[in-house]
Amino acid sequence: MINRRNALTLGAVGGAVLALPTESLMDLAFGPSWTVAPFARALPIPQVLRPSAVRIDADVYRLSVGESTVEIVPGVRTKVLTYNGQFPGPTILARQGRTAKIVVTNTLTSATAIHLHGGNVPADSDGHPMHVIEPGRSRTYTYPNIQRAGTLWYHDHAHHMEAEQVYRGLSGLYLIEDAWPSNRLPSGAHDIPLLLRDADVSRDGELHWELFGQANRSLVLVNGATQPHLSVRRRRYRLRLVNTANERTFRLRLSNGAEFVQVGSDGGLLPRPVRRSEVTLWPAERADVVVDFSGSADGTQVVLENLDGESDATRQIMRFDVSGGHEIDLSSVPATLTAAPERKTPTVTRKVELSFDALAGTFLINGKSYDPDRVDFTVKRGTTELWEITNLDTQFEIPHSLHLHQIQFRVLDRDGVAAAEWEAYPKDTVAVPPGTTVRILATFDSPYTGVYPFHCHFIDHSSTAMMAQIKIVP
Ligand code: C2O
Ligand code: CU
Ligand code: CU
């Protein structure tokens with residue numbers, strides 16, 4: 001996130017691309033555009049998309065990329081980009097081992113590409129920035145779902161356009177479920193996705209887009225709604241927390257001090273549950289947590305707080321209202337969730353340096369801007385590599401992260417301090433705060449070869465070329 005302080009610094013030194021427009025200065029002076037009555041609206045749950053065909057070899061889904069209007073602020077129509085008219089897009093429920101084919105039609109006037117974030121997919125279905133769907137055209141993506149069950153999400157990835165198009169609405173949830181569920185974690189109506197993001201809605205109801213406009217994105221949306229409430233019974237719930245924001249980080253806590261029992265990370269279940277009083281999510285990170293409301297009396301109101309918020313609207317992001325009494329709860333959180341993955345020995349070590357060139361006003365990986373025709377690293381399929389990722393920017397203190405397509409990796413340590421259990425594995429996006437070095441162990445265990453991007457997932461950075469790519473060879 002570029003916060004107000006360093007956004008101003010960047011504006012002063014960063015040249016045209018980072019210059020702070022007058023409107024931002026107005027907002028700094030006058031505060032956010034909207035004050036919305038908190039917790040008035042019920043939490044919307046994204047619809048689960050039905051397959052348009054169930055074939056012997058695959059479930060077929062259709063997504064139409066287009067434009068619609070929605071009420072982000074109650075009573076105010078705002079134009080957004082949508083999948084099948086929905087904001088955020090519909091949830092795709094895939095099953096492990098069963099192929100999903102997604103037929104995408106682009107009705108926009110700009111190109112789009114869909115990337116399955118966290119997915120292990122063939123290179124031609126990865127939504128590579130150059131593999132775009134031109135206006136009026138269609139493309140079919142094949143997702144084989146040959147990976148563990150987990151909370152994935154899909155989003156736009158068109159070259160230089162992804163930051164704006166994701167911001168305008170092009171993202172949705174993609175859940176891979178176990179073919180044979182082996183646990184009794186809360187499920188069905190008690191398994192609730194919470195897609196978190198922010199937005200800058202101007203006084204005329206327009207969704208205002210501005211690259212590096214983080215300081216003005218003063219509304220936090222949960223599943224597309226500002227400060228909603230959810231009625232819950234006295235029982236356990238599984239919450240799928242997904243940070244789909246361009247640049248905002250969330251530090252989440254429950255106002256009654258109840259704990260989150262984290263059962264899953266980016267790419268699936270953790271080996272065992274971890275009890276946490278706070279959960280931090282950087283852009284694109286996910287946490288599956290179980291929250292137990294059985295000890296709360298009817299009438300209790302529990303606010304999901306974001307300790308990093310700068311205003312009430314961004315601090316009190318939704319409320320759980322306990323009502324309806326006890327419910328028979330057959331769910332449980334087992335002491336062991338999955339087998340811990342085997343730790344392999346790396347055969348290659350690489351350095352990845354994340355930096356900001358203040359003179360050019362650009363973000364760089366190993367000193368370079370993204371070139372879709374350049375292969376930065378050639379990786380042999382099946383091998384394990386150690387990547388040392390350093391955020392060199394101590395001057396402006398700009399946070400960066402690193403996301404690898406295609407695989408889930410293990411985070412070893414940050415500045416020599418071993419990664420916490422909940423961050424160790426399976427991860428596809430890792431936080432790299434200014435001035436720190438994070439080491440990850442990446443096993444390229446996908447059967448597919450080809451070119452895949454890796455990038456910072458502050459997508460205002462990646463869409464201005466803070467991206468590089470690997471070529472996986474047999
Ligand atoms: Cu979620 Cu290449 O990104
Ligand atoms: Cu990705
Ligand atoms: Cu970055």
Side-chain angles (χ1 to χ4, degrees), residues 1-3 6-7 10 14 18 89 113-121 123 125-132 141 143 147 150-163 165-167 170-174 195 197 211-212 214 242-249 266-267 281-286 352-357 361-366 369-370 372 389-393 396-409 426-434 436 438 442 446 451-470:
M1 159 182 68
I2 295 186
N3 59 34
N6 55 29
L10 287 174
L18 289 168
I114 294 188
H115 167 59
L116 178 60
H117 183 118
N120 176 0
V121 305
S125 282
D126 187 46
H128 183 278
M130 304 311 286
H131 296 170
V132 293
Y141 294 87
Y143 300 154
Q147 61 191 93
T151 307
L152 279 51
W153 60 301
Y154 59 93
H155 62 77
D156 184 84
H157 218 295
H159 195 32
H160 291 318
M161 295 299 294
E162 70 267 35
Q165 296 192 149
V166 169
Y167 175 81
L170 295 186
S171 66
L173 191 66
Y174 186 99
L195 276 59
R197 58 162 294 174
L211 195 63
F212 312 123
Q214 175 60 45
V242 185
N243 183 351
T244 68
N246 282 40
E247 300 205 290
R248 180 181 288 275
T249 58
D266 293 350
L281 290 178
W282 283 36
E285 288 191 300
R286 287 89 75 204
V352 177
E353 292 181 340
L354 310 174
S355 65
F356 172 60
D357 177 347
T362 52
F363 297 102
L364 305 171
I365 295 183
N366 285 349
S369 285
Y370 180 53
I389 309 151
T390 303
N391 179 344
L392 295 177
D393 188 29
F396 302 106
E397 302 197 343
I398 303 168
H400 299 295
S401 61
L402 202 74
H403 166 52
L404 269 66
H405 284 210
Q406 189 66 348
I407 56 158
Q408 295 293 323
F409 53 75
K427 290 288 291 173
D428 54 48
T429 306
V430 66
V432 192
T436 64
V438 177
S446 161
V451 173
Y452 294 91
F454 64 94
H455 53 89
C456 177
H457 219 294
F458 286 77
I459 55 176
D460 292 21
H461 303 182
S462 56
S463 78
T464 52
M466 193 174 202
M467 172 139 52
Q469 52 197 8
I470 59 170

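Just so you know, ligand 1 is whichever comes first in the structure, and atom 1 is the first atom listed for that ligand. All values derive from a computational prediction rather than experimental measurement.
The CG atom of Asp156 sits 10.0 Å away from atom OG of Ser463, with the distance rounded to the nearest 0.5 Å. With rounding to the nearest 0.5 angstrom, the OG1 atom of Thr244 is 12.0 Å from the OH atom of Tyr167.
Annotation: His461 is not in aromatic contact with His455 [ring centroid separation under 6.0 Å not met]. Centroid-to-centroid, the aromatic rings of Tyr143 and Tyr174 come within less than 6.0 Å.
Put simply, the side chain of Thr464 does not reach to within 4.5 Å of the side chain of His160, judged on heavy atoms. Contact check for Phe356 versus Pro434: no side-chain heavy atoms found under the 4.5 Å cut-off. His128 is not listed as a side-chain neighbour of His157, based on a closest heavy-atom distance of 4.5 Å or more.
Among the candidates Phe212, Phe458, Tyr370, the single residue satisfying the ring-ring contact (aromatic ring centres under 6.0 Å, His included) test with Phe363 is Phe212.
Between the side chains of His117 and Ser171, no donor-acceptor pair of N or O atoms lies under 3.5 Å.
Protein N/O/S atoms found under 2.8 Å from the Cu ion (ligand 2): His115 NE2, His403 NE2. Listed by chain and number, His117 ND1, His155 NE2, His457 NE2 are the protein N/O/S atoms closer than 2.8 Å to atom 1 (Cu) of ligand 1, with waters left out.
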